[in-house]
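Naming convention: chains lettered A, B, ... in sequence-line order (proteins, then strands); numbering from 1 in each chain.
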Amino acid sequence: MEYNFNEIEKKWQQYWKENNVYKVDIDDSKPKFYVLDMFPYPSGAGLHVGHPLGYIASDIYARYKRHKGFNVLHPMGYDAYGLPAEQYAIQTGQHPEVTTNENIARYREQLDKIGFSFDWDREVRTCEPGYYKWTQWAFLQMFKSYYNTALDKARPITELEEYFKKNGSEGCNAHTNAKVEFTADEWNAMTDAEKSQMLMNFRIAYLGNTMVNWCPELGTVLANDEVSEGLSIRGGHPVEQKVMRQWCLRVSAYAGRLLCDLDTIEWSESIKETQKNWIGYSEGAEMLFPIVGSDEQLLIFTTRADTIFGVTFMVLAPESEYVDQVVTPEQREAVDAYLNEVKHKTERERLIEKKVSGVFSGSYAVNPVTGKEIPIYISDYVLAGYGTGAIMAVPAHDSRDYAFAKHFDLPIIPLIEGADISEESFDAKDGIMMNSSNERLQLNGLQVKDAIAKTKEYIEEAGIGKVKVNYRLRDAIFSRQRYWGEPFPIYYDEDGQPQPLDESELPLQLPEVDKFLPTETGEPPLGRAKNWVASNGRPLELNTMPGFAGSSAYYLRYMDPHNDEALVSKKADEYWRQVDLYVGGTEHATGHLIYSRFWNKFLYDYGYVCESEPFLKLVNQGMIQGRSNFVYRIKNTKKFVSFNLKKDYDVTPIHVDIKLVYDDVLNIDDFKAWRPEFADAEFVLEDGKYICGWAIEKMSKSMFNVVNPDDIVERYGADTLRLNEMFLGPIEQSKPWDIHGISGVSKFLKRLWGLFFDGDTMQLVDEKPSAAALKSIHTLIKKVSQDIEVFSYNTSVAAFMICSNELKEMKCKSKSVYRDFIVLLAPFAPHIAEELWHQLGEQGTVCNAKWPEWNEEYLKESMVKYTVLFNGKPRFNIEVPDGTPGDEVQKIALTHEGAARWLDGKQPKKVIVVPNKIVNVVV
RNA sequence: GCGCCUGUGGCGAAAUUGGUAGACGCGCUAGACUUAGGAUCUAGUAACGCAAGUUGUGUAGGUUCGAGUCCUAUCAGGCGCACCA
C-alpha cells in the first residue's frame, strides 16, 4: 500500500471535524491547559509558510497536553480591524468588511489543510458587534475609573468626586500628569462642565491634549510603538509631533506593576528586557530650585543628586510651563524667536541635526545646597514629556550638559577625583567625590553610590525635594481618525463634554458611510455617517479605536465566546484563568504585549478576571525568511547572464519568481512566458544552464519569494510540512525557508509507512518486543516527552528518524512498539498517526490516546561510566559493564593506567564505590 | 552611548548542562538497481595526512584531571532603547 497523504489527510480532517474531536468545555474532573497563538490579521496575501511556524509549535504542545490528560483550550480567531483593509477600501470602494471576510475565508481554508487542533466553535473576530461590544465595555469601565496610587489599583471615578467634594485636591491619591490644585469649595463651585473637564485629568481612559504622533500621509495619529525613528512602522511615512485632543489610556499609571510583575511570568529574557527598556524605570530625586526675585520654584528631576555641587546652570524644555514665568522682558524677543524655531522643526529634524541650541531666559535660580545663583536656559535637548521638563545641568558629568556648556561658555566644575574633563564629560557613576562639601552637606571622599544616597537623604530632611521614581512609559494614544475600527461608546453633551453611553446601548455598531475618507471639513470618516447620534439625539464620537483595542482582551473572550452578559463569566474565568502558553512573534513586545498586560490588570483591579497577568509563559517563534532568486540582465540589452559569468558584464539584478527556478537553475521557457518583456530574452549560459543568484530576504510578494503552504501540502502533505517546519531549527530562531531539507522528512514518513506494510498487508504482529526494541522506543519516549516540554522540536524529529531506523534495522514487528511510536508522533504528524493507529486496529482517535511513559529499566546502558576521585578530587573516568559488582569496579579503577600517578606507590587506605557512579580513593 | 542575545563542518543544526564535539537532515562522493530520474537502496563524508597520528567549537588568556559549555578581555553579527537628565 502506498502512503497516499492527500487522501489520508483529507479523510481524517473530515473525521475530526464531524466528531468534534477538538471541541472543549469546562470539565472540573480534568486539569486545564490554555494554549494560545497570536491571532492573525487576515491580509489579502494569504498565509505563507512562515505563518504556520508558531501555530504548528503550539499545536504540538496542545496535542501533547491532551495526551497527558489535560483539558486543553486551543482556540483561533482573527484580528480583523486594521489599516490595509481600509486602504484597499479607499482605493476600490469595496467595504472593508467584505474584503476582511473574504480574507478570513481564505485563511481558514489554508489553516484547515495543515491539520490544527483548534476548537473553531470558539472563533472570535474583532470586527463583529458581539465581540467589540466587550471592547467598548472595557473602554467604558476605564472611562469611569481613576488610578488610586495609594491602593495601587483602579477605582470608580465617583469615589474621587466624593473626595473632591470634601477635601478638594489636597492629599488626593489619584494618578495624573496635570498639575492641578483646588479646594473643596472651589470644586463645589464648579459647573458640571468644569467638573467634567477636571475629571479628565484623572480618568484611566481620558480625552487629553497631548503631544501626538501625527502622520499626515495616513491621516491619523499613531501610538509610540507604531512609530520608529520618525517614520510610521506601516508604510514608512513621516510622522510629526503635534498637540491634539485625543483619547488616551493611562497606561503610565500601571508602569510600576507592569515592570515588577515581569518577574512573575515565564518569558524569554530578551523580551522582558525589551519591555523593561520600554517602561524605562529610573530612580532619582525631585528637587526645588528657587527662582531669584520670584516666589516660584523650579522643580527638576535628577538621578545624580550627588552632583548638586557641580550645577552651573538650569535648562527648561521649550514647552515647559515654567518658561513664561522665568523669561525677563529683555530676553522675551530672543526666547520667542527660539521657541518659534523649535516649533517648526520635526522630531526627525531635531534628531538628525544634533546641533546644540538654546537661549538664556534672563532669570537665575538658586542652588538650594550651595546658595549660588545660576542662569536658567531654554533648550530643546530637554524633553517636556519626561520628568518635570526641567533639569539641573552638571556639565562635568553629563555629556549633553557638557556640550551645552562648551557652546555657551558656561563654567564646568569637576566633582570626581581623577576625572579628566578637558575633552569630554565623565558620565560614569563611579569614583570618589570632591569639590562637594560645605556646612550643609559633606560628600567629599565618598563613593558616587554613597554620595547619591546621602544627598537624597539630605534633600528630604532639608525639605528641598523628595526621592522619586520616573518611568519612560507614556500613556497610550487611543483614538484614530479612521473608519475601520471600534466606535467609541461616547457622545457629547450640550456643553461639548464627552459622556459615556449606557451599557445597555452596547454594542454601538459601526455605521455605514458613503466613502471611507475624511469629510470635506477634515473630520474623520464617521463624520459622513447619517444619524450618527446617541439615543438621546446627541452627537457621537467620530474617532475609532486603534488596532490594539480588539486584541487586548481576546484571550479572555475565547474562554466564553458566546456570552452576552459578560466579557467572560466568572465560572469560565475561574476555570481557564490565564493563558498557560502563548506563542507569537517578538514584534508585539512593546505594543500588544504591553497593552494586554495593562488591560488585564485593569480588569483584575475590579475582579473581572482572577489573574493579574494574562500570559504565563511566552514563546517567541522566529521569522521564516524567503530565499529570493535573481537573474542578471546585461545593461541596455535583452541578454541575461548566468550567475558565475556576470562579473564580466555590467548587469542589473532582477528578482525572478522562485517558481521558475529549481535548485538555482532557471527554467528558461517558463521565464520567457512569465512576462511579455522577457519573451525574446537571450541568455549567456554556463554548462548549458542558467544559474540564478540568491539572497535571504523577507518573504513578500514584491520579491517573488513567497512559498504558499498549500503548495507544500499538495506536493508533500501536511504532516511533512509540519515536521519540516519543526526540523528547520530551534523554534525561537529566524531562518530561511529551505525546501531542500523537506526530502529528508518526506523520506522518513514514507519509510515509517513502509515498516507497517508488506505490499498491501499489515506486517506487524502481536509479539513481545526484544530488549533492543524496548530500549529504542523507550529512549524515544523519554526524548520526545522531555523535548516537547522545552520546545526542542527539532531534536524530537531527529529522534523519530533515529528510532525508526533502529526498528527497521532490527526488523521489529511488534505492534505494541509501533503503537507507542504513533502516539508520540501524533502531535507532530497527526494525519499519518491517525491512519496508522486505525491500521493497527485501535479504536477512537489517536488524539485521545494516553501518552506512553518511559521505563528507566529498559534504558540501562551496557557500559556504565564511573568517575574516579583521589582524596575527593576527580581524576579520571573508567567504563565498566553494567551490573559489575563494587569490588570489581574498585579493582578496575586501581589498575587503570591513571591510578599509578595518583597512588604514587602508596597503598590506598580506603576505596569507596558510590552508587551514583563515583569511585573515591583515599590515599 | 546604554542594555540584551548569538558566534560549532559546504549548509540547517546536535551535544545527557563540565565528561568520546559535529547526533539527525540536506548537500557531496562512490556503488547497486533500474522504466535513466529532481526515484529507491548501500557505504563514506570536520580539516591535514598513504598511515599511525595531529589540529579543531570567532580571537586571546584563565579556572579544572577534563571546557563548545564556567570566568576575563577582545572581535563580528543580530535585536531593543536612545538628547529619558
- List in chain and number order the residues that pass side-chain contact (heavy atoms from CB on, under 4.5 Å) with A:A798, two or more places apart in sequence or in another chain; answer none if no residue qualifies. A:F727

- Query: What is the nucleic acid contact for A:P730, judged by heavy atoms within less than 4.0 Å: base, sugar-phosphate only, or nothing?
  - Reply: sugar-phosphate

- For RNA chain B, produce a single dot-bracket line, 5' to 3'. Pairs: Watson-Crick or G-U wobble, both distances under 3.5 Å. Symbols: ( ) within strand, [ ] crossing, | other strand, . unpaired. (((((((..(((......[....)))((((((.(..)..))))))(((....)))..(((((..]....))))))))))))....

Distance test, side-chain N/O of [X] to OP1/OP2 of [N], below 4.0 Å:
X      : N     : value
A:T586 : B:G80 : no
A:R472 : B:C81 : no
A:Y381 : B:A85 : no

- Residue pair A:R715/A:Y471 against RNA chain B: nearer the 5' end by closest nucleotide is A:R715

What's the gap between [N] and [M] when it is taken at their [atom1] atoms, as a whole Å value?
N     : M     : atom1 : answer
B:C4  : B:U72 : P     : 12 Å
B:U35 : B:A46 : C1'   : 40 Å
B:U6  : B:U59 : C1'   : 16 Å
B:U20 : B:G68 : C1'   : 14 Å
B:U69 : B:A52 : C1'   : 31 Å
B:U64 : B:C71 : P     : 16 Å
B:G9  : B:C5  : C1'   : 24 Å
B:A13 : B:U57 : C1'   : 13 Å

- Distance only, no hydrogens: is a donor on one side chain within 3.5 Å (strictly under) of an acceptor on the other, for A:S252 and A:D475? yes

- Message: Please encode protein proximity along nucleotides 23-31 of chain B as a string of B, S and -, counting only heavy-atom distances under 4.0 Å.
- Response: BBSS-----

- Message: Starting the side chain at C-beta, find the nucleotide from B:A85, B:G80, B:C81 nearest to A:W278.
- Response: B:C81

Roughly how far, to the nearest 0.5 Å, is [atom2] of [Y] from [atom1] of [X]?
X      : Y      : atom1 : atom2 : answer
A:F313 : A:S379 : CZ    : OG    : 9.0 Å
A:N724 : A:I712 : CG    : CD1   : 8.0 Å
A:S804 : A:E809 : OG    : CD    : 11.0 Å
A:I378 : A:M314 : CD1   : CE    : 12.5 Å

Separation of [N] [atom2] from [X] [atom1] (nearest whole Å):
X      : N     : atom1 : atom2 : result
A:L728 : B:C11 : CG    : P     : 17 Å
A:D398 : B:G1  : CG    : C1'   : 12 Å
A:K750 : B:C41 : NZ    : C1'   : 13 Å
A:N620 : B:G80 : CG    : P     : 13 Å
A:K735 : B:C11 : NZ    : C1'   : 15 Å
A:Q625 : B:C79 : CD    : P     : 10 Å
A:I624 : B:G12 : CD1   : P     : 15 Å
A:L473 : B:G80 : CG    : P     : 18 Å

- Query: Going by a 90° cut-off around 0, is B:U17 syn or anti?
  - Reply: syn

- Message: With the 90 degree cut-off around zero defining syn, does B:G9 come out syn or anti?
- Response: syn

- Task: Not counting sequence neighbours, which residues clear side-chain hydrogen bond (donor to acceptor under 3.5 Å, both in side chains) with A:S399? List them please.
- Result: A:D427

- Query: Which class fits the ring pair A:F800 and A:F828: parallel under 30°, tilted 30 to 60°, perpendicular over 60°?
  - Reply: perpendicular

- Item | Stepwise ring-ring contact (aromatic ring centres under 6.0 Å, His included) test for A:Y402 and A:F404 | CA-CA 5 Å; A:Y402 187 87; A:F404 195 86; over 10 Å; no

- Query: Is the cationic atom of A:R627 (NZ for Lys, CZ for Arg) positioned less than 6.0 Å from the six-membered ring centroid of A:W737 and within 45 degrees of its normal?
  - Reply: no

- Query: Has A:R597 got its NZ or CZ under 6.0 Å from the middle of the six-membered ring of A:W278, at an angle within 45 degrees of the ring axis?
  - Reply: no

- Do A:K782 and A:E856 meet the salt-bridge criterion of a basic N to acidic O distance under 4.0 Å? yes

Within the sub-3.5 Å range, which N or O atoms of nucleotides 3-10 of chain B have a protein N or O partner, and how far apart are they?
{"from": "B:G3", "atom 1": "O2'", "to": "A:E273", "atom 2": "OE2", "distance (Å)": "2.9"}

- Message: With salt bridge (charged side-chain N to carboxylate O under 4.0 Å, His left out) as the rule and sequence neighbours excluded, what pairs involving residues 731-746 of chain A come up?
- Response: none

